[in-house]
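The residues of the chain are indexed from 1 along the displayed sequence.
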Amino acid sequence: MQLRNLLTYAAPYRWHLTLVAVLMLASSAVTLAVPWLAGQMLGGIISDQGQAFGALVGWLLLALVLITLLKIIVANLSGSISARLLADLRQRIYDHLQSLPLGFHQAHRQGDTLALMTYEVARLSSFLSGTLVSIPPLLLTVLGACILMLRIDPLLALLVPLLIPAFYLIMKIIGRRLRGLAQQLQQAEAEVVGLAEENLEMLPALKSFTREAEESARYRTHIDHAMQLALKETRIYAIMEPLIGLVSAAAAVLLLFFAGKSVHAGNLSPAELFSFLFYAALLTQPVGSLANLYGQIQTTRGTLARLQSVLREQPETGYSATGRLERAQGKIRVEGLRFAYPGRDTTLHGINLLIRPGETVALTGPNGAGKSTLIALLLRLYEPGAGRILLDGQDIADLNLQDLRRQIGVVPQRALLFNGSVRANIAYGLPGASDAQIEKAARLAQAWDFILTLPQGFDTEIGDHGVRLSGGQRQRIALARAFVKDPPILVLDEATSMYDLEGESAFVEACADSLQDRTVILITHRPASLALAQRIFRVENGVLTELQETHS
């Protein structure tokens, strides 16, 4: 794991983390005084030095109180930093994921992305704010205890370094296994999240095809796989910690044996013996923590690698472009446009098209012919392989992305709605939209009548993806959302596919006037919608052909 890369995420909190480390160092320093005080106290009991004994008890209690207070402060500070760091990391990843092209999201499972944004980032935050800052205090405790043991009895203290190779060997062997296992476990957990998200998304289809039992079994298979990996990790930790404890206990027995000989030989006083043994016991805690530390480092390495692989992805180009456009006239020119999705045959073959400002054109053709792809290229959701698209004479590659996308309102075939009120979903197209604007858009989209029949009207909650509405109602809400934006260019991608014939005819009649001053691109096969178009084009096998000019 590259420490430098890891520390960049904690940079905004470096002074807070430094304070935590300093307080932990202070706690370790006071802790180092406890074995000496306790040894002297027990030595005083044996030698019957009552006056010194009372003072030592006072100092020992003071040290314990200080350690407790410092630990309370450290726990509060660490918890606060961890929560803030986690929030910042999640925001950073969320913003970066939003800026990435659609191609990235289509190439990665949502479950993997969600897992990274949730528990994997939480693990990284915990490591940065807790484990990492605990390393200096652990080292201080180990070094301090070793130095003080050397001052008491150098020969006995030399036994302690002999334990280090044993600890290192244990951690090296087990840690190597932990690293690969941690990555497998992270991937398995991501697959569980992804499958759950996918099944909840497809719940209507799952129920209609009575696939509950099969999907439950498939989900159980993924859960069991993750469980088996988690059990393996648990078993490794279960072996590692007791094994290190055994080595520590065996070392303590040996120290006690040789210390007893030194006392009998008169080389150690009782007080020094007790202090030495207390320091040896004190060493077991930080050395034992090294086992957990090593395992956490291996797990964090996997999380960090996944996080960096996402953050290395290049965001969409164009957000910093200097080409500005307030409100487009709506002239669209497509020149020699070619495009192919990664790993697939060419979708568009040298498309040429001119749409005049305020003109309504229709694109027809079989599914998968490239109609929606052409719109995605207009929005710069993808970059063409060759050719260009001009808006009002400007190459859209030179326009600021936000300016470009503000000019275009899109009503997709599948309405993309969020869990909120009808009002909020319509207003999503225009932040700060007034009630009058929202209601006007609802009327234009033929949504007014059904909205008034809802329990709370415009304030009715529609559920995830609008599940409390019918398909046609969802489409009308999506259409109203596009109208409230009042874009100079409007794209209706099968926007009336869920209307009945009467509803579609009413929509066409109601929309005719509102479409007059816009450039409109219709992707449709339905005759009533085609009647709105002044020109009709057919896209087939990636080639564009004009069928007729209707002069509507």
Side-chain angles (χ1 to χ4, degrees), residues 87 90-91 94-95 98 110 114 117-118 193 196-208 212 405-406 408-487 490-515 518 520 522 524 526 528-529:
R90 283 179 170 168
Q91 186 69 52
Y94 178 82
D95 290 343
Q98 277 200 133
Q110 286 188 1
L114 289 172
M117 294 174 66
T118 52
V193 174
E197 189 270 339
E198 181 181 274
N199 284 353
L200 289 174
E201 182 87 10
M202 292 186 61
L203 198 57
L206 188 152
K207 287 181 175 294
S208 66
E212 290 93 340
R405 291 171 181 171
R406 270 197 291 262
I408 306 168
V410 179
V411 184
Q413 183 173 6
R414 181 191 176 198
L416 301 174
L417 305 178
F418 59 86
N419 188 359
S421 67
V422 170
R423 186 186 308 279
N425 272 276
I426 296 176
Y428 194 77
L430 181 66
S434 66
D435 288 346
Q437 289 173 304
I438 292 169
E439 291 169 6
K440 179 182 177 182
R443 289 181 186 276
L444 285 174
Q446 299 297 300
W448 176 265
D449 290 339
F450 94 78
I451 290 174
L452 293 185
T453 65
L454 297 175
Q456 284 83 41
F458 279 87
D459 296 316
T460 301
E461 298 289 319
I462 64 174
D464 289 333
H465 308 295
V467 294
R468 296 174 190 164
L469 303 177
S470 69
Q473 290 172 336
R474 289 197 293 270
Q475 219 163 27
R476 286 173 168 84
I477 297 297
L479 189 58
R481 183 173 61 191
F483 277 133
V484 81
K485 183 180 181 181
D486 190 27
L490 184 63
V491 178
L492 304 180
D493 188 352
E494 300 285 5
T496 61
S497 62
M498 292 193 179
Y499 283 43
D500 54 30
L501 291 176
E502 183 180 347
E504 184 181 23
S505 298
F507 162 75
V508 170
E509 184 178 346
C511 285
D513 292 337
S514 65
L515 301 181
R518 309 178 200 274
V520 181
L522 303 169
T524 184
R526 296 167 70 98
S529 295

> Which side-chain hydrogen bond (donor to acceptor under 3.5 Å, both in side chains) pairs, counting each pair once, include a residue from residues 454-463, with sequence neighbours left out?
Replying inline: R423-D459
pair [X]-[Y]: side-chain heavy atoms closer than 4.5 Å:
{"X": "L492", "Y": "T524", "answer": "no"}
{"X": "I462", "Y": "L454", "answer": "no"}
{"X": "Q446", "Y": "L479", "answer": "no"}

> Given L417 and R481, is the side-chain contact (heavy atoms from CB on, under 4.5 Å) satisfied, shown in steps?
Replying inline: CA-CA 10 Å; L417 305 178; R481 183 173 61 191; 3.9 Å; yes
> Short question: side chain of K485, backbone of I408 - any donor-acceptor pair under 3.5 Å?
Replying inline: yes
> Does R474 reach the main-chain N or O of G466 with its side chain, forming a donor-acceptor pair under 3.5 Å?
Replying inline: yes
>> A433: which residues meet the side-chain contact (heavy atoms from CB on, under 4.5 Å) condition with it, sequence neighbours left out?
In response: A427, L430, Q437, I438, V484
>> How long is the straight-line distance from CD1 of I477 back to CG of L416, given to the nearest 0.5 Å?
In response: 14.0 Å
> Where do I426 and F458 land on the side-chain contact (heavy atoms from CB on, under 4.5 Å) test, with the steps shown first?
Replying inline: CA-CA 9 Å; I426 296 176; F458 279 87; 4.1 Å; yes
> How far apart are the C-alpha atoms of V411 and F483, what are their side-chain angles, what is the distance that settles it, and do they pass the side-chain contact (heavy atoms from CB on, under 4.5 Å) test?
Replying inline: CA-CA 9 Å; V411 184; F483 277 133; over 6 Å; no
> Can you list the residues that meet the ring-ring contact (aromatic ring centres under 6.0 Å, His included) rule with F450, with sequence neighbours excluded?
Replying inline: none
> Who passes side-chain hydrogen bond (donor to acceptor under 3.5 Å, both in side chains) against R406, sequence neighbours left out?
Replying inline: D403
> Which pairs with one or both residues in residues 420-441 pass ring pair (Phe, Tyr, Trp, His ring centres under 6.0 Å), sequence neighbours excluded?
Replying inline: F418-Y428
